[in-house]
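Reviewing the structure listed below.
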Amino acid sequence: VSTVTGYELVVNGAAARVEGAHATDSLLHVLRDRLGLPGAKNACEQGECGSCSVLVDGVLVCACLELAEAAVGCDITTVEGLAPAGGEPGDAALAGDVLTDVQQAMVEAGGVQCGFCTPGFVVAIHDLLARVPDPGPLDVREALAGNLCRCTGYGRILAAVDQVVTLRSRAAITTPGTSPGSPPGASA
Amino acid sequence: VTVLAPDRLADALVALDGDPARTVLAGGTDLMVDVNYGRHRPTDVLSLRRLAELRAWRVEVGPGGDEVVLGAAVSYTTLLGPELSGLLPALGQAARTVGSPQIRNTGTIGGNLATGSPAGDTLPVLVAHGATVELASAHGRRTLPVADLLVGPKVTALAPGELITAVRVPVVPGPGEFLKIGVRNAMVIAVANCALVVDTERRTLRCVLGSVGPVPVRDPEAERWAAARLDWDGGTPPDPAVVDDFGRRLAAASRPIDDHRATADYRRHAVGVMARRALARAWAAGPGRGRDQGRAA
């Protein structure tokens, strides 16, 4: 028998009250079912597929393997929180108005087919490029080895990463001082 | 169900002492799978997330040389980073073969040990290094060789109320190798693995096999046999017959079983090949560096 608890998480920069969750619920379930953030996808629930990738205290993890209540006090970023929402911070309803450079590249390069794995890839690619701005081909493959895609064959996703790297390095040359990680519009 | 996440080790030990059945949650990469699939329903949880001291590591001077003291919550990602993999290369290689970046960011060395799966990738390396674990409870502390901590498949010598707080790994002056066979290159549990550490000062080597027995497998006699046949002074490549026989001896020492990942026969063959390769590679990277490395093993 599982008891129902209440606690507060910090998700995409805003405090979010969780009520009615089971104490053994994963962060993935709480994000999707309690906090209305369905971007992280539920597929394998065993850390094999990466479709629930989020950042916890800036570290790329599978939300399905995080006990939600043990993430109290952590800074959680989901795919919804990567782009500026255009409204209040953490306002999920407004997320998606603006795409990050990674999201835009995934669209343009054809890295999105059924789309189920896309949020996980987007979070993992942001994480990679924040740590390694100019990754080699093997760096990219190793960094994305935990994200499965059954549609694209990965070629278009790898092309999207290349596109972002190229665009960010050009932006860094033409506008020195601008953070290479800034999504389009963020520096305006 | 209550979830405790104390930020002081003493508080964690008191909580565990008061309720030894409390489920200890480190990275969660094993535990949460069981929770998600309903195989484990914890009554109460003790999360180690806020115990910052368990995530730290340091180098200490031990009786036999430098020792790396790894907090139990040090992640695989930290192990494979340049600093630690420079000190403990075989452990870095093992960490790099674990799961995905997400899993390596989350999973911990203490969790690998406490879970005690025969397929745990750091286990053979830690045994090869002669590593010890530091255990703590509300009533005291003790240390135990990793080889004694591991009692059987997913069975450890941890007493009720006891936590693994650190893993003490002697730095070995010489090369180390880790090899692993899975059904593919990434994201796999080991079908079989093999760690080999060469101590060029003491002129000894240790080879430990994983996933081919209830606990990591060693054959000290085969290690001494091979060490006595290596050219420690000149570093010339080992006689191929010695390398081959070393692999055959280790294969014979293994005690694999048939399961859903592989057959016992395949595993026995695989560890023989890996032991052979590990010896040839370690020698080429250490005593034989810069020399003709002979035939490919």
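All values below were derived from every heavy atom in this structure, side-chain atoms included, with hydrogens, water molecules and symmetry-related copies excluded.
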(message) Is B:Ala5 close to chain A through its backbone or its side chain, or both, or neither, when contacts mean heavy atoms under 4.5 Å?
(response) neither
(message) With rounding to the nearest 0.5 angstrom, report the CD1 to CG distance, B:Ile189 to B:Asp121.
(response) 9.0 Å
(request) Return yes when atom CD of B:Glu83 has more than 12 non-hydrogen atoms of other residues, nucleotides or ligands closer than 6.0 Å, and no otherwise. (result) no
(message) What part of A:Ser53 gets within 4.5 angstrom of chain B, counting heavy atoms only: side chain, backbone, both, or neither?
(response) side chain
(request) Please look at B:Thr106 and chain A and tell me whether the side chain, the backbone, both or neither of the residue comes under 4.5 angstrom of a heavy atom of that chain. (result) side chain
(message) Is A:Val56 in contact with chain B via its backbone, its side chain, both, or neither, using a 4.5 Å heavy-atom distance?
(response) side chain
(request) Tell me, for A:Cys74 versus chain B, whether the close heavy atoms (under 4.5 Å) come from the side chain, the backbone, both or neither. (result) side chain
(message) Looking at chain A, which one of B:Ala186, B:Pro101, B:Gly99 has the largest number of heavy-atom pairs inside 4.5 Å, strictly under?
(response) B:Pro101
(message) Counting only heavy atoms not in A:Arg141 (residues, nucleotides, ligands), do more than 12 fall under 6.0 Å from its CZ?
(response) no
(message) Quiz question: by atom type and distance under 3.5 Å, do the side chains of B:Asp258 and B:Thr263 form a donor-acceptor pair?
(response) no
(request) Report the option among A:Asp127, A:Val72, A:Leu128, A:Leu60 that has the most heavy-atom pairs separated by less than 4.5 Å from atoms of chain B. (result) A:Leu60
(request) Check whether any side-chain heavy atom of B:Thr115 sits under 4.5 Å from a side-chain heavy atom of B:Leu113, and report yes or no. (result) no
(request) Can you measure from OG1 (B:Thr122) to CG (B:Leu79) and round to the nearest 0.5 angstrom? (result) 7.5 Å
